[in-house]
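For reference, the structure is listed below as structure tokens.
By convention here, the first residue in the shown sequence is residue 1.
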Amino acid sequence: MRSTTAIVMAGRREGSIDPLAAAAGLADKCLIPVAGRLMIEHVLVALADTPSIARIIVSINDPALLDAVPAARALIDEGRLVAVRAKHNLVDSLFAALDGQAFPILVTTADNVLLTPAAVEQIGTAGDAAGAKSVAVAFTRRDSVLAAHPDGQRRFYRFRDDSYSNCNAYWIGSPVALAVAEVFRSGGQFAKHPVRILRALGLYNLIAFRLGLGTIDGAFARFSRRFGFPIRAVILDDGAVAIDVDNPRTLAVAETIFASRSVSQHAKPPMLSRG
């Protein structure tokens, strides 16, 4: 798999504070403690432990905040991480983070705390297989999410073949494929501004996606024709990756999953020495 640049979106909208951050007495959500680590640390550690990730760029309102994040500080000292000041909207922040960086890129968010190196590798492998001028969007199946935690997600995209949840991870193969990022300009709040996604995807594609007409692969084949380059859905094995921390419920869910992972790790038998 090709060497990849990871972009972590950790900014916040100017003039607003996330309710979860406010409840923790913080201005920045990415600094909320989750299972003994700051939220953004979980993401940085997962990326740093992925062999294909060569460089990590963090888009954040105040880059100096990362000086107090141990995992970030270590990666900065190694020359593997650079912090870039976030802009006024999601797309401009992404473009600022990408300035001068090598493709392909993997974009994720600071609240994607259950991301794992295995999931990152699975996304990258699928992206490479789709071709350099392509985009891969990570999903996982409903049953996989509920197997990770029965209250992990409450909403799913329903298709004829299955129901899926988005995993907030996107592989972009080349600058040509960045056209798809325009769908998310101004934060991508499609529920409040449906005209944005209508203009980006077209009426039929929007209706078909919302109603789950056909299969998920069929939906992304239509998106590919609309944009003029391959856009693929990557179905991750690990349902936990779809559970990002954005409210007290998902914070509790994430901490429960981390606790179960810790128990599982300690329960493994010791490796037998060779010779």
Minimum heavy-atom distance [X]-[Y], with the two atoms named:
{"X": "Leu66", "Y": "Ala83", "answer": "CD1-CB, 3.6 Å"}
{"X": "Gly152", "Y": "Val253", "answer": "CA-CG1, 4.2 Å"}
{"X": "Pro104", "Y": "Ser3", "answer": "CD-O, 3.5 Å"}
{"X": "Ala24", "Y": "Ile32", "answer": "CB-CG1, 4.3 Å"}
{"X": "Ala240", "Y": "Ala148", "answer": "N-CB, 3.6 Å"}
{"X": "Ala102", "Y": "Thr5", "answer": "O-OG1, 3.0 Å"}

Distance from [X] atom [atom1] to [Y] atom [atom2], nearest 0.5 Å?
{"X": "Leu26", "Y": "Asp18", "atom1": "CG", "atom2": "CG", "result": "10.5 Å"}
{"X": "Ser93", "Y": "His88", "atom1": "OG", "atom2": "NE2", "result": "9.0 Å"}
{"X": "Asp67", "Y": "Arg73", "atom1": "CG", "atom2": "CZ", "result": "5.0 Å"}
{"X": "Phe103", "Y": "Leu98", "atom1": "CZ", "atom2": "CG", "result": "5.0 Å"}
{"X": "Lys87", "Y": "Asn61", "atom1": "NZ", "atom2": "CG", "result": "11.5 Å"}
{"X": "Phe95", "Y": "Asn89", "atom1": "CZ", "atom2": "CG", "result": "9.5 Å"}

Please tell me if the side chains of [X] and [Y] come closer than 4.5 Å, counting only heavy atoms from C-beta onward.
{"X": "Val234", "Y": "Val137", "answer": "no"}
{"X": "Met9", "Y": "Thr108", "answer": "no"}
{"X": "Leu81", "Y": "Ile57", "answer": "no"}
{"X": "Arg261", "Y": "Thr116", "answer": "yes"}
{"X": "Ser163", "Y": "Arg141", "answer": "no"}
{"X": "Tyr164", "Y": "Phe159", "answer": "yes"}
{"X": "Phe258", "Y": "His42", "answer": "yes"}
{"X": "Arg55", "Y": "Arg80", "answer": "no"}

Asp162 vs Ile216, side chain to side chain contact (heavy atoms under 4.5 Å, CB included): CA-CA, chis, key distance, verdict: CA-CA 8 Å; Asp162 211 332; Ile216 192 169; over 6 Å; no

Is it the case that the side chains of [Y] and [X] hold a donor-acceptor pair, with the cut-off being a distance below 3.5 Å and no angle test?
{"X": "Ser52", "Y": "Glu121", "value": "yes"}
{"X": "Asp111", "Y": "Thr109", "value": "yes"}
{"X": "Asn168", "Y": "Asn112", "value": "no"}

If you apply the rule side chain to side chain contact (heavy atoms under 4.5 Å, CB included), what do you find for Trp171 with Ser134, and how did you get there? CA-CA 8 Å; Trp171 186 95; Ser134 65; 3.3 Å; yes

Is Arg154 salt-bridged to Asp151, going by a charged N under 4.0 Å from an acidic O?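 Answer for the salt bridge query: yes.
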
Connected via hydrophobic side-chain network under 4.5 Å: Ile53 and Leu75: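 Yes: a chain of side-chain contacts under 4.5 Å links Ile53 to Leu75.
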
For the hydrophobic clusters of this structure (ILVMFWY residues joined by side-chain heavy atoms under 4.5 Å, transitively), does one cluster hold both Val107 and Val45?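 No, separate clusters.
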
Run the numbers on Leu47 and Leu115 for side chain to side chain contact (heavy atoms under 4.5 Å, CB included), then give the verdict. CA-CA 8 Å; Leu47 293 171; Leu115 186 69; 4.1 Å; yes

Is it the case that the side chain of [X] and the backbone of [Y] share a donor-acceptor pair, with hydrogens and angles ignored and the cut-off at 3.5 Å?
{"X": "Thr125", "Y": "Gln122", "result": "no"}
{"X": "Glu255", "Y": "Ala252", "result": "no"}
{"X": "Lys133", "Y": "Gly228", "result": "no"}
{"X": "Thr215", "Y": "Arg160", "result": "no"}
{"X": "Gln153", "Y": "Ala242", "result": "yes"}

Does Arg226 count as lying over the ring of Phe223, i.e. NZ or CZ under 6.0 Å from the six-ring centre, within 45 degrees of the axis?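 Not satisfied by the 6.0 Å and 45° rule.
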
For a side-chain hydrogen bond (donor to acceptor under 3.5 Å, both in side chains) check, start with the C-alpha distance between Asn247 and Thr250, then their side-chain angles and the critical distance, and finish with the verdict. CA-CA 6 Å; Asn247 54 45; Thr250 48; 2.9 Å; yes

Show the numbers, then the answer: is there a side chain to side chain contact (heavy atoms under 4.5 Å, CB included) between Ile172 and Leu178? CA-CA 7 Å; Ile172 302 178; Leu178 278 174; 3.9 Å; yes

Can we call the ring centroids of Phe220 and Phe139 under 6.0 Å apart?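 Under 6.0 Å, so yes.
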
